[in-house]
Amino acid sequence: MLEKMKIMVVDDNTVNLATVEQELKDKYEVIPMISGRRAIKYLYRDKVDLILLDVQMPIMDGIDTLREIRTQPNGTTVPVIFLTSKKDKTTVIEGGKLGIMDYITKPFDSMDLHERIERVFKRLGRLPMEEEELIHRVKEILSDLEEDREKGASTKMEEVLGYQISEEISGRLKNAQEKMSRGDKEAAVSMLDRIIRMLDKSMNATKRTSVLPISTGEINARLLYILDDLNNFKIQESASKVSDLLRYDVPEFVANALRIIKGKLDNYDDDEAEKLVKQLLEEVKKSNAFTMGMRDNGGNEKEKTKDNDLSGYHYHRLP
């Protein structure tokens, strides 16, 4: 089992400390500290992976605390995120001098807190960057380069190379970086475009393998179960079944219709949703998907059996 990363939270307010600890404890080892002095004392003997540091504290505020932290071995390079009720100019300037990684304004949003912490760990190479985020970053570099913003492209390239990414991607990025440095813009653009195509292919392959297979007859059966729920005014149950069906590898026209149906159910328009489910059942019945696999290799129709007859029980239930 991997050891949890340590996050020290420094705040003079016990309620704030408890709130942050509750939010983070499942994912990280949280070290709560009620004052800057206690935080400094802890860092004399132990290390942490990140500090969430309140700026507005009595006696020794966050900036003074961080100045002291930066003078000791365990605090020289530790990443710090300021927790602040107001991000004034002085805080930004002083924080920048002391190497602040980010700011979180209080009261904080739970999702924003997690995202900012993860962003810092990714920038430090402690957490991997997801392919979706990576492709977005590479597209930004490509856009800067194509619009003659070489400095911006170079800065973004350095930042991305600091993340935890695969050797194949980092090697190609370094190749593009080298081409940029010698002024060969066309070759750099070509390499970045190649990286994007490579990531697109990888993401599509991942999506294909992550979905579950399902037969067309099973799709029909599940739609009928959804319709049964709607006939019995069970809107939550039907919405849950729609969401579950969307996890499977259904045809595109089925997926599109299900998303619309889900939207109607989320808005409590079960009357319209019921009509759409009936319509989808008819479309599925008529689709070529039901005749696929019902011919032999010579193109001749197979004799229908109980197993491959897709117009039996479920279709007789069609309203």
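Given the structure is predicted, the values throughout are model-derived calculations rather than measurements.
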Query raised in the report: Of the non-hydrogen atoms in E274 and N231, which two are nearest, and what is the gap between them?
Result: OE2-OD1, 3.0 Å

Query raised in the report: Which value, rounded to the nearest 0.5 Å, describes the distance between M101 atom CE and R123 atom CZ?
Result: 4.0 Å

**Report entry** Verdict with supporting geometry, R172 and M198, side-chain contact (heavy atoms from CB on, under 4.5 Å)
**Finding:** CA-CA 11 Å; R172 287 176 170 86; M198 179 183 176; 3.6 Å; yes

**Report entry** Side chain proximity check, L113 to S110, heavy atoms < 4.5 angstrom
**Finding:** no

**Report entry** Pair I63-F82, side-chain contact (heavy atoms from CB on, under 4.5 Å): steps then yes or no
**Finding:** CA-CA 9 Å; I63 292 174; F82 267 169; 4.0 Å; yes

Report task. Show the numbers, then the answer: is there a side-chain contact (heavy atoms from CB on, under 4.5 Å) between Y103 and V92? Result -> CA-CA 9 Å; Y103 298 83; V92 172; 4.1 Å; yes

Query raised in the report: Which heavy atom of L230 sits nearest a heavy atom of S238, and at what distance?
Result: CD2-OG, 3.5 Å

Query raised in the report: Counting distance only, does the side-chain N/O of N16 pair as donor-acceptor with the main-chain N or O of D12 below 3.5 Å?
Result: no

Requested in this report: Look at the side-chain heavy atoms of Ile, Leu, Val, Met, Phe, Trp and Tyr, link any pair under 4.5 Å apart, and say whether V120 and V48 land in one connected group.
Outcome: no

Query raised in the report: To the nearest 0.5 Å, what is the distance between CG (L53) and CD1 (I100)?
Result: 6.5 Å

Query raised in the report: Under the side chain to side chain donor-acceptor pair (under 3.5 Å) test, which residues partner R182, sequence neighbours left out?
Result: E178

Query raised in the report: Below 4.5 Å, heavy atoms only, C-beta onward: do L258 and L280 meet side chain to side chain?
Result: yes

Query raised in the report: Taking C-beta and beyond as the side chain, do I226 and E237 meet within less than 4.5 Å on heavy atoms?
Result: no

Report task. Answer yes or no: is there a side-chain heavy-atom contact under 4.5 Å between Q22 and L17? Result -> no

Query raised in the report: Taking only residues two or more places apart in sequence or in another chain, which ones pass side-chain contact (heavy atoms from CB on, under 4.5 Å) with D144?
Result: R149, A153, K156

Requested in this report: For D266, check side chain to side chain donor-acceptor pair (under 3.5 Å) against everything at least two apart and list the hits.
Outcome: K262

Query raised in the report: Do D244 and K241 meet the salt-bridge criterion of a basic N to acidic O distance under 4.0 Å?
Result: no

Requested in this report: Give, for atom CG of L173 and atom CD1 of I141, the distance between the pair rounded to the nearest 0.5 Å.
Outcome: 6.0 Å

Query - Separation between CD of E23 and CD1 of I117, rounded to the nearest 0.5 Å - result: 9.5 Å

Report task. For M5 and L127, work out which heavy atoms get closest and say how close. Result -> CE-CD2, 3.9 Å

Query raised in the report: With a 4.0 Å cut-off, would you call E186 and K179 a salt bridge?
Result: no

Query raised in the report: From K106 NZ over to N13 CG, what is the distance, rounded to the nearest 0.5 angstrom?
Result: 7.0 Å

Report summary line: D46 meets the side-chain contact (heavy atoms from CB on, under 4.5 Å) criterion, sequence neighbours left out, with Y42

Query - K122 with E159: basic N within carboxylate O range, under 4.0 Å - result: no

Report summary line: Exactly one of K285, K286, Q279 clears side chain to side chain donor-acceptor pair (under 3.5 Å) with E283, and that residue is Q279

Requested in this report: Can you establish whether the number of heavy atoms outside R197 located under 6.0 Å from its atom CZ is more than 12?
Outcome: yes

Requested in this report: Please report the shortest heavy-atom distance between A176 and M191, naming the atom on each side.
Outcome: CB-CG, 3.8 Å

Query raised in the report: With a 4.5 Å limit on heavy-atom distance, are the side chains of K41 and M33 in contact?
Result: no

Report summary line: On a heavy-atom basis, the closest approach of T105 and S85 is CG2-O, 3.9 Å

Query raised in the report: Do R222 and Y248 have side-chain atoms, one donor and one acceptor, less than 3.5 Å apart?
Result: yes

Query raised in the report: With distance as the sole test, does D270 use its side chain to make a donor-acceptor pair with the main-chain N or O of A273 at under 3.5 Å?
Result: no

Report summary line: Rounding to 0.5 Å, atoms CD (E146) and NZ (K139) come to a distance of 11.5 Å

Query raised in the report: Judged by atom type as modelled, is there a donor-acceptor pair below 3.5 Å linking the side chain of D102 to the main-chain atoms of I81?
Result: no

Report task. Kindly indicate whether the side chain of L145, heavy atoms from C-beta on, has any atom under 4.5 Å from the side chain of M180. Result -> yes

**Report entry** side-chain contact (heavy atoms from CB on, under 4.5 Å) partners for E68, two or more places apart
**Finding:** I40, Y44, M60, T71

Query raised in the report: Relative to each other, are the rings of F121 and Y28 parallel, tilted or perpendicular (30° and 60° limits)?
Result: tilted

Query raised in the report: Are a donor atom and an acceptor atom from the side chains of E132 and H136 found within less than 3.5 Å of each other?
Result: no

Query raised in the report: Considering only heavy atoms from C-beta outward, does the side chain of I51 approach that of L66 to under 4.5 Å?
Result: no

Report task. Identify, with sequence neighbours excluded, every residue that meets side-chain contact (heavy atoms from CB on, under 4.5 Å) alongside K97. Result -> I93, E94

Requested in this report: Among L24, V10, D11, find the one that has a side-chain contact (heavy atoms from CB on, under 4.5 Å) with L52.
Outcome: L24

Query raised in the report: Between L161 and S170, which heavy-atom pair has the shortest distance, and what is it?
Result: CD2-O, 3.8 Å

Query raised in the report: Is it the case that N256 and R259 place a side-chain donor and acceptor less than 3.5 Å from each other?
Result: yes

Query - Derivation of the side-chain contact (heavy atoms from CB on, under 4.5 Å) call for N232 and D229 - result: CA-CA 5 Å; N232 289 293; D229 281 341; 5.8 Å; no

Query - SB check K234 D228 (cutoff 4.0 Å) - result: no

Query - Heavy atoms from other residues, nucleotides or ligands near CD of E168 exceed 12 (cutoff 6.0 Å) - result: no

